[in-house]
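Protein chains get the first letters and strands the later ones, always in sequence-line order, with residue 1 at the start of each.
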2 protein chains.
Amino acid sequence: MRQATCKIKANPRADEAIHCAIEAAILHGRLPPGLRLREHRLAAIFGVSRERIRKVLHRLAAERRLEIVPNRGARVPCPSEAEVRAIYEAHRVLEAGVLAQLSRLASPVLLDRLDTHLVEERAAAQRGDRAASIRLSGDFHRHLVDALGNAELSRMLRDLLGRSSVMVTVYEPAHHSPCAVDEHGTIVAALRAGDLAGALHASRHHFLHVEERLRLIPPAQEATVDLEAALLTR
Amino acid sequence: MRQATCKIKANPRADEAIHCAIEAAILHGRLPPGLRLREHRLAAIFGVSRERIRKVLHRLAAERRLEIVPNRGARVPCPSEAEVRAIYEAHRVLEAGVLAQLSRLASPVLLDRLDTHLVEERAAAQRGDRAASIRLSGDFHRHLVDALGNAELSRMLRDLLGRSSVMVTVYEPAHHSPCAVDEHGTIVAALRAGDLAGALHASRHHFLHVEERLRLIPPAQEATVDLEAALLTR
DNA sequence: GGCTGAAGAAATGTGCACATTCTTTCTCTC
DNA sequence: GAGAGAAAGAATGTGCACATTTCTTCAGCC
């Protein structure tokens with residue numbers, strides 16, 4: 001009866017909230033790669049016991065959002081350039097398979113929806129909204145996969161995008177230049193024409209362009225981060 | 001100093017061993033889908049504290065090897081037929097992407113290695129070794145992905161195969177008939193000929209055949225399982 | 001002066017006690 | 001006799017205390 005009254009075990013999904021908060025902070029780049037996440041500090045920030053934090057951190061590690069080394073705590077992953085390229089390559093290969101499937105059963109409805117998306121993307125690029133461009137660019141590829149209506153495939157892509165989003169901070173494509181949008185358009189056009197080879201070609205070159213633009217940015221030297229602000233945003 | 005002497009915290013990877021034991025038992029079908037895994041029982045079997053078991057179970061759940069529902073414990077997943085088909089479809093789509101990539105850079109060395117594998121597969125099929133056939137069939141697809149040398153892709157496939165292996169128990173393709181082997185052979189032949197369309201076609205039909213053979217087998221009614229034997233095997 | 005090593009501080013890991021929730025069973029009522 | 005409800009038993013969830021490991025700092029020595 002110690003904490004039964006005040007402490008409320010009430011919140012059955014407090015874990016979930018904390019999990020989401022940390023995951024979002026990582027995915028949005030608010031936590032620099034390599035940053036150490038100490039259990040005590042997090043427990044204080046979220047106002048929960050250390051055990052709760054522990055559980056969440058280990059779950060995030062199992063989901064590969066964090067890296068935990070025994071007795072040394074958790075860190076935001078700091079992927080090498082090779083790993084980054086592997087993730088892009090995996091995405092490229094996966095998308096090739098998706099396009100092969102879509103070329104057989106793409107509906108006019110889907111194609112129109114993709115066109116609508118392209119309009120948005122071009123608008124964002126034209127007004128120089130970099131944040132929106134990055135988001136919409138990811139959404140384009142998400143739409144392609146989601147069109148298949150396969151939860152497994154959607155999850156796989158979500159995983160890959162999640163892991164590469166960290167890297168936008170580290171290895172930042174110089175700019176998400178407007179040409180990327182046109183490359184998306186080329187893919188859609190090929191799909192509409194029922195031209196699988198063309199779609200594969202366009203997709204492949206799109207990814208090669210993105211990879212080409214990868215720049216190694218010096219690791220942020222454990223810049224002082226306002227953990228509390230980064231985690232509690234939104 | 002309570003248990004410092006006898007209990008040995010010695011084993012730093014006891015968790016790992018337990019994790020592997022349970023995972024292997026699931027993947028090899030020694031634990032029927034839907035089976036409940038109680039923490040106390042497992043703790044007794046492995047001779048460790050319940051906390052240790054808890055940690056492992058939750059990790060397995062994060063890896064989607066187990067299903068945990070809050071306050072109700074862990075169960076071996078019991079995928080619906082729809083989920084099974086989704087997993088096969090995901091595998092098919094992924095393999096299409098892999099083949100597109102391989103058709104551009106398949107080396108003679110790789111092709112020869114695949115041929116060697118086919119010989120093994122045919123041998124197993126001819127002598128009616130069902131267990132070996134299933135294993136080798138999985139290995140064939142694994143080899144295709146591994147040939148790209150991309151850890152991300154290999155892991156994705158490993159995941160899919162892991163989840164579908166459970167189902168061999170539930171929805172068991174009537175027999176892994178020898179024709180499946182020949183379908184593998186068709187894929188390799190197309191690759192060797194540099195015929196991407198042919199390889200895609202062969203792969204697609206291979207998967208459709210496998211899915212066609214899926215049979216719904218009535219859930220095993222929580223058959224009495226010797227947990228201890230199933231978990232400690234090997 | 002720089003390096004080594006030991007002691008203290010801090011962070012992570014683990015078992016245990018107890019709280020909570022779920023399941024089962026027994027009883028009482030209609 | 002069947003169904004609803006309550007109580008007992010069993011299983012899971014959580015905070016805490018303490019063990020262990022790692023990191024830091026500082027003193028001593030070459």
Rounded distance in Å - CD1 (B:Ile53) to P (C:dG13)
18 Å
Tell me: CD of B:Glu39 to P of D:dA11, nearest whole Å?
10 Å
Are OP1 or OP2 of C:dT14 and a side-chain N or O of B:Arg52 less than 4.0 angstrom apart?
yes
Protein-nucleotide distance (A:Arg75, atom CZ; D:dT22, atom C1'), rounded to Å:
12 Å
Pairing of B:Glu23 and B:Arg65 as salt bridge, 4.0 angstrom limit:
yes
Scan the side chains in residues 147-156 of chain A for donor-acceptor partners under 3.5 Å anywhere in the protein, sequence neighbours excluded, and list what turns up.
{"residue": "A:Asn150", "atom": "OD1", "partner": "A:Glu152", "partner atom": "N", "Å": "2.8"}
{"residue": "A:Asn150", "atom": "OD1", "partner": "A:Leu153", "partner atom": "N", "Å": "3.1"}
{"residue": "A:Asn150", "atom": "ND2", "partner": "B:Ala86", "partner atom": "O", "Å": "2.9"}
{"residue": "A:Asn150", "atom": "ND2", "partner": "B:Glu89", "partner atom": "OE1", "Å": "2.6"}
{"residue": "A:Glu152", "atom": "OE1", "partner": "A:Arg155", "partner atom": "NH2", "Å": "3.0"}
{"residue": "A:Glu152", "atom": "OE1", "partner": "B:Arg163", "partner atom": "NH1", "Å": "2.9"}
{"residue": "A:Glu152", "atom": "OE2", "partner": "B:Arg163", "partner atom": "NH1", "Å": "2.5"}
{"residue": "A:Ser154", "atom": "OG", "partner": "A:Asp146", "partner atom": "OD1", "Å": "2.8"}
{"residue": "A:Ser154", "atom": "OG", "partner": "A:Asn150", "partner atom": "O", "Å": "3.2"}

Need to verify one output field. Residue with the more 5' nearest nucleotide on DNA chain D, B:Asn71 or A:Arg72?
B:Asn71
Distance in angstrom units between A:Ile68 CD1 and C:dA11 P, rounded:
16 Å
Gap between atom CD of B:Glu95 and atom CZ of B:Arg92 - 0.5 Å precision
10.5 Å
Rounded distance (Å) that lies between atom C1' of C:dA10 and atom CZ of A:Arg36:
9 Å
Tell me the interatomic distance from B:Phe46, atom CZ, to C:dT14, atom P, rounded to whole angstroms.
16 Å
In whole angstroms, how far is the P atom of D:dG15 from the NE2 atom of A:His40?
14 Å
Expected rows: protein N/O vs nucleotides 5-7 of chain D N/O, under 3.5 Å:
none

Nearest whole Å is fine: how far is D:dG13 C1' from B:Glu51 CD?
10 Å
Would A:Glu63 and A:His19 count as having a side-chain donor-acceptor pair, cut-off 3.5 Å?
yes
Most 5' of B:Arg50 and B:Lys55 on DNA chain C, judged by nearest nucleotide:
B:Lys55
Between A:Leu160 and A:Tyr88, is the side chain to side chain contact (heavy atoms under 4.5 Å, CB included) condition met? List the steps.
CA-CA 8 Å; A:Leu160 286 175; A:Tyr88 275 119; over 6 Å; no
Which residue pairs pass the ring-ring contact (aromatic ring centres under 6.0 Å, His included) test when at least one of the two sits in residues 135-155 of chain A, sequence neighbours left out?
A:His91-A:His141, A:His117-A:His143, A:Phe140-A:His184, A:His141-A:His184, A:His141-A:His206, A:His141-A:Phe207
Are the charged groups of A:Glu39 and A:Arg50 less than 4.0 angstrom apart, N to O?
yes
